[in-house]
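So that the names make sense, note that chain A is the first sequence line, chain B the second, and so on, each numbered from 1. Only a predicted model underlies this, so the values are computations on that prediction, with no experimental measurement involved.
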Amino acid sequence: MTERKVRVRFAPSPTGPMHVGGVRTALYNYLFAKKHGGDFILRVEDTDRERFVPGAEEYIIESLKWCGIVPNEGVGFGNGEYAPYRQSERKSMYRKYAEQLVESGHAYYAFDTTEELEEMRNKMQAAGVSSPQYNSITRQNMKNSLMLPADEAKKRLEAGEQYVIRIKMPRNEEVRVKDLIRGLVVVHTAQLDDKVLFKSDGMPTYHLANVVDDYLMKISHVIRGEEWLPSAPLHVLLYKYLGWEDVMPEFAHLPLLLKPDGNGKLSKRDGDRLGFPVFPLQWTDPKTKEVSSGYREKGYFPEAVVNMLALLGWHPSTNQEIFSLTELIEQFSLERVSKSGAKFDPEKAKWFNQHYLRTRTDKELAEIFMEELKQKLVPINIGSDLQLARVQGICRLLKEKANFTNEFWKLGSYFFIAPEKYDEEVVRKKWNEKSSEFFNKVKEKYFALEKCSHDEAEKVFKQTAEESGIKPGDVMQLFRVIITGGVGGPALFEVVALLGKEEVAKRIEAAVKKFGN
RNA sequence: GGCGCGUUCGUCUAGGGGUUAGGACAUCUCCCUUUCACGGAGGAAACACGGGUUCGAUUCCCGUACGCGCUACCA
């Protein structure tokens with residue numbers, strides 16, 4: 001069994017946008033597969049038609065692509081040898097396995113209607129049973145092929161009566177599930193119920209479909225969320241009853257992603273409430289038109305999201321925090337996945353993004369920023385190389401100040417538009433009777449310069465100050481306010497150089513006009 | 001309620017029978033700096049509780065508490 005080729009799958013249900021917890025599950029599957037030279041498969045588990053949401057499948061595919069978690073085979077990724085990968089398209093394959101289980105005595109037909117099931121539950125609750133189950137005891141009072149006379153069950157089947165197939169859970173056995181993260185988990189079948197395997201609409205439930213597909217697709221490791229741990233014994237039993245025990249995959253149940261404040265599973269609402277995305281991509285609900293924000297649209301880099309998610313529940317033996325996807329593949333192991341749930345931390349997510357922002361070249365950032373500038377209708381000549389070079393220069397300064405590229409405009413709009421408002425406090429404190437004369441002198445000297453580089457600009461400024469008997473430090477802040485309107489920002493003479501002497505002159509004139517006398 | 005899983009700084013975590021319990025984010029102080037940020041230095045900050053086992057337990061065992069998950073013809 002250890003000789004088997006590693007094949008893992010990510011098997012989401014298209015019931016809505018996949019959130020970051022799903023992305024992390026996909027990521028761990030991907031890392032594990034790549035680490036062992038195996039395959040990563042995307043299988044869409046759409047056995048529940050009621051909950052199907054249009055666009056959800058496309059959303060999942062696009063999200064994986066954006067994150068760089070690319071499956072070897074599966075829906076949207078060039079179907080492979082085991083196609084189809086959408087369970088709705090595999091519908092015809094499941095019935096025979098369900099029937100095989102009936103024949104071998106491990107499952108049975110049940111004809112109970114929804115009303116009858118409800119009645120049974122109500123009765124039992126009235127009798128003090130808090131969560132009634134359809135199990136080895138209660139099944140004796142229900143309408144199923146185990147209790148009905150043999151010919152009646154057959155008759156009902158032939159008459160086309162609606163039925164489901166349920167597993168015949170043994171009365172008192174121990175089921176042992178070996179989990180790569182949690183160790184051995186032992187459950188008694190007395191606690192388990194006769195789960196429906198095959199629904200009356202001809203579709204399998206998750207439990208059957210999952211086991212059958214994993215078997216057929218030669219899946220070697222099932223890596224999924226912790227919410228599946230309670231049903232893992234059922235799956236183990238299914239492998240046994242189907243005669244597939246020797247090729248049963250290994251299980252690894254991942255800890256859950258928790259909400260940043262308080263406790264509980266991270267949910268869609270948390271993002272809205274706390275103001276950070278829980279989805280990789282922006283999503284518009286097709287019915288309500290409600291929009292949920294996404295990491296991509298919020299300005300996160302996929303590397304940052306992947307890096308952050310990788311460390312939420314997994315840790316290498318070193319203190320390394322920054323990982324490329326390649327490094328993650330090299331170092332990943334299921335043994336180092338933690339057992340407890342991880343609270344999601346938006347602040348750390350921001351820190352990761354800041355890191356990756358600084359690793360981007362000025363040119364890459366300029367390309368991103370240009371897109372935004374176009375939309376802002378900034379009067380710059382987008383097509384020209386000269387302007388690209390200028391925006392690159394701006395990005396070089398701005399990337400040291402920002403966490404996200406979408407903060408560039410807020411941080412650096414003064415590169416494109418002269419300030420309209422000036423920091424009042426600085427003006428009030430620093431502007432005096434000598435200011436107009438001093439800045440006019442600076443302006444003239446800049447004009448005399450052939451090229452107003454940042455070195456030259458600084459030298460000239462300081463010289464002028466000295467000549468006027470002013471300490472440079474006393475006018476620096478004022479100069480910044482005249483140029484940018486505000487008090488913070490990149491090295492001032494870098495800004496001056498990028499703006500050019502004509503623009504600087506204009507801004508000095510505007511300020512002198514406004515505050516002079 | 002039942003069953004299962006979990007519990008180290010505020011958060012993510014390392015560690016593991018004898019440690020000054022380590023790192024990162026956040027926070028605070030200082031340095032750098034014309035500003036903001038970056039960067040650097042430092043500070044504050046944790047083994048849920050109770051019993052065992054042991055010379056010694058945060059680490060192993062058992063309970064308790066708390067949290068989470070599951071308990072559908074949903075996945």
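The distance from atom CG of A:L184 to atom P of B:G6 is 12 Å, rounded to the nearest whole Å. Between the NZ atom of A:K339 and the C1' atom of B:U13 there is a distance of 14 Å, rounded to whole Å. As rounded to whole Å, 11 Å separates atom P of B:C68 from atom CG of A:L256. For the pair A:R480 CZ and B:A37 P, the interatomic distance rounds to 12 Å; values are reported in whole Å. In this structure, A:Y134 places its OH atom 21 Å from C1' of B:C70, rounding to the nearest Å. For A:Y206 and B:C70, the OH to P distance is 13 Å, given to the nearest whole Å. Between the NE2 atom of A:H355 and the P atom of B:G39 there is a distance of 11 Å, rounded to whole Å. For A:D345 and B:C25, the CG to P distance is 11 Å, given to the nearest whole Å.
One C1' atom belongs to B:G43, the other to B:A57, and the distance between them is 29 Å to the nearest Å. For the C1' atom pair drawn from B:A46 and B:U7, the interatomic distance equals 12 Å after rounding to whole Å. A distance of about 14 Å separates the P atoms of B:C68 and B:C12, rounded to the whole Å. Remark: the separation of the P atoms in B:C49 and B:C66 is 15 Å, to the nearest Å. Spacing between B:U13 and B:A45 at atom C1', rounded to whole Å, works out to 15 Å. Comparing B:U54 with B:C61, their P atoms are spaced 16 Å from each other, to the whole Å. Using atom P as the reference point in both B:U35 and B:A48, the two lie 45 Å apart (nearest Å). Of the C1' atoms belonging to B:A44 and B:A26, the separation is 13 Å, rounded to the nearest Å.
A cation-pi geometry, defined here as NZ or CZ lying under 6.0 Å from the six-membered ring centre and within 45° of its normal, does not hold between A:R156 and A:Y163. Judged by the 6.0 Å distance and 45° axis criteria, A:R24 is positioned over the aromatic ring of A:Y28.
A:W283 and A:Y59 have perpendicular rings, their planes meeting at more than 60° on a 0 to 90° scale where under 30° would count as parallel. The aromatic rings of A:F439 and A:F461 sit tilted relative to each other, their planes meeting at an angle between 30° and 60°.
Using a 4.0 Å cut-off between charged side-chain N and carboxylate O, A:E57 and A:R86 make a salt bridge. We find that A:E321 and A:K348 are joined by a salt bridge, their nearest charged nitrogen and carboxylate oxygen being less than 4.0 Å apart.
In this structure B:A24 sits in a base pair with B:U11, meeting the Watson-Crick or G-U test at under 3.5 Å. Here B:C32 sits opposite no nucleotide as a Watson-Crick or G-U wobble pair (both hydrogen-bonding atom distances under 3.5 Å). Taking a pair to require two hydrogen-bonding distances under 3.5 Å in either a Watson-Crick or a G-U wobble arrangement, B:A37 remains unpaired. Across all strands shown, B:A45 forms no Watson-Crick or G-U wobble pair with both key distances under 3.5 Å. The partner of B:C68 is B:G4, judged by Watson-Crick or G-U wobble contacts that both fall below 3.5 Å. Look at B:C60: its Watson-Crick or wobble partner, with both distances under 3.5 angstrom, is B:G52.
Look at A:R166 and you'll find a side-chain N or O under 4.0 angstrom from OP1 or OP2 of B:C73. A:K199 has a side-chain polar atom (N or O) that falls below the 4.0 Å cut-off from OP1 or OP2 of B:A75. Neither OP1 nor OP2 of B:C38 sits under 4.0 Å from any side-chain N or O of A:R396. Within the structure, a side-chain polar atom (N or O) of A:T47 is placed less than 4.0 Å from OP1 or OP2 of B:A75.
The base of B:C12 has none of its N or O atoms less than 3.5 Å from a complementary donor or acceptor on the side chain of A:K343. Side chain A:S130 to base B:G1: a donor-acceptor pair is found below 3.5 Å. Not a single donor-acceptor contact under 3.5 angstrom links the side-chain atoms of A:K348 to the base of B:A26. In the interface, the side chain of A:S200 is paired with the base of B:C73 through a donor and an acceptor atom under 3.5 Å apart.
Contacts of A:G473 with the nucleic acid, taken as non-hydrogen atoms under 4.0 Å apart, are absent. Within the nucleic acid shown, A:A491 comes within 4.0 Å of at least one base atom, counting heavy atoms only. Here A:K401 lies in heavy-atom contact (under 4.0 Å) with a base. At the heavy-atom level, A:Q191 lies under 4.0 Å from the strands shown only through sugar-phosphate atoms. Using a 4.0 Å heavy-atom criterion, one finds that A:R49 contacts no nucleic acid atom at all. At a threshold of 4.0 angstrom between heavy atoms, the contacts of A:S13 are confined to the sugar-phosphate backbone, with no base atom among them. Residue-level contact check: A:L492 touches the bases, meaning some heavy atom is under 4.0 Å from a base atom. At the heavy-atom level, A:V487 lies under 4.0 Å from base atoms of the strands shown.
A ring pair (Phe, Tyr, Trp, His ring centres under 6.0 Å) with A:Y295 is found for one member of A:F352, A:F301, A:Y300, A:F404 and no other, namely A:Y300.
Taking a 4.0 Å limit (strictly below) on heavy-atom distances, residues 168-182 of chain A reaches RNA chain B at A:R182.
Note that the CZ atom of A:F344 and the CG atom of A:L258 stand 12.0 Å from one another [nearest 0.5 Å].
Counting heavy atoms from C-beta outward, A:H253 and A:R182 have side chains that approach closer than 4.5 Å.
With distances taken from any side-chain atom of A:T205 to the nucleotides B:U71, B:C70, B:C74, the minimum falls on B:C74. Comparing B:G4, B:G69, B:A26 by their nearest atom to the side chain of A:W351 picks out B:A26.
Under the 3.5 Å distance criterion, with hydrogens and angles disregarded, a donor-acceptor pair is assigned to the side chains of A:Y94 and A:D213. Side-chain atoms of A:E456 and A:S453 form no donor-acceptor pair, as typed in the model, at a separation below 3.5 Å.
Taking the nucleotide of RNA chain B with the nearest heavy atom to each of A:A110 and A:A402, the more 5' of the two is matched to A:A402. Residue whose closest nucleotide on RNA chain B sits further toward the 5' end, between A:S338 and A:A11: A:S338.
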